[in-house]
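Let me begin by presenting the structure, written as structure tokens, before commenting on it.
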Amino acid sequence: MSKLRFAVLVLAIGCSGSAFAQSGDGRGACASDYAKFCAGTSPGGGRVVACLNKQQNQLSDPCKKVLASRKAK
């Protein structure tokens with residue numbers, strides 16, 4: 001993955017909503033899952049979270065926990 005693409009990915013995840021705005025370890029919990037399953041999804045309007053939710057069975061455990069905590073709110 002190019003450095004520019006990685007930077008865009010980190011920025012997209014950081015700006016995509018409270019699911020990724022957890023403190024400490026939760027902040028980037030879904031970064032690798034986003035890159036693997038949702039790289040073509042533009043951030044905003046809940047599109048990234050919706051994409052990740054569609055892949056729920058294949059997500060990493062930390063990402064599943066972040067998404068579950070977002071649903072609980």
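No hydrogens, no waters, no symmetry mates; every other heavy atom, side chains included, goes into these values.
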Checklist entry - Just wondering, are more than 12 heavy atoms of other shown residues or ligands nearer than 6.0 Å to NZ in K64? => result yes
Next on the checklist: Show the nearest heavy-atom pair for residues C63 and A29, with the distance to one decimal.
Outcome noted: CB-O, 3.6 Å
Checklist outcome for this item: So NZ of K36 and CD of Q58: to nearest 0.5 Å the spacing works out to 7.0 Å
Next on the checklist: If we ignore hydrogens and angles and just use 3.5 Å, is the side chain of Y34 paired with the main-chain N or O of C51 as donor and acceptor?
Outcome noted: no
Next on the checklist: Using every non-hydrogen atom in the two residues, find where P43 and V48 come nearest and quote the distance to one decimal.
Outcome noted: CA-CG2, 3.8 Å
Next on the checklist: Is there a side-chain contact between D33 and Q55 in this structure, where contact means two heavy atoms from C-beta onward sitting under 4.5 Å apart?
Outcome noted: no
Item to check | Gap separating the CG atom of L59 from the SG atom of C30, nearest 0.5 angstrom | outcome: 6.5 Å
Item to check | Sequence-distant partners of S42, side chain to side chain contact (heavy atoms under 4.5 Å, CB included), two or more places apart | outcome: R47
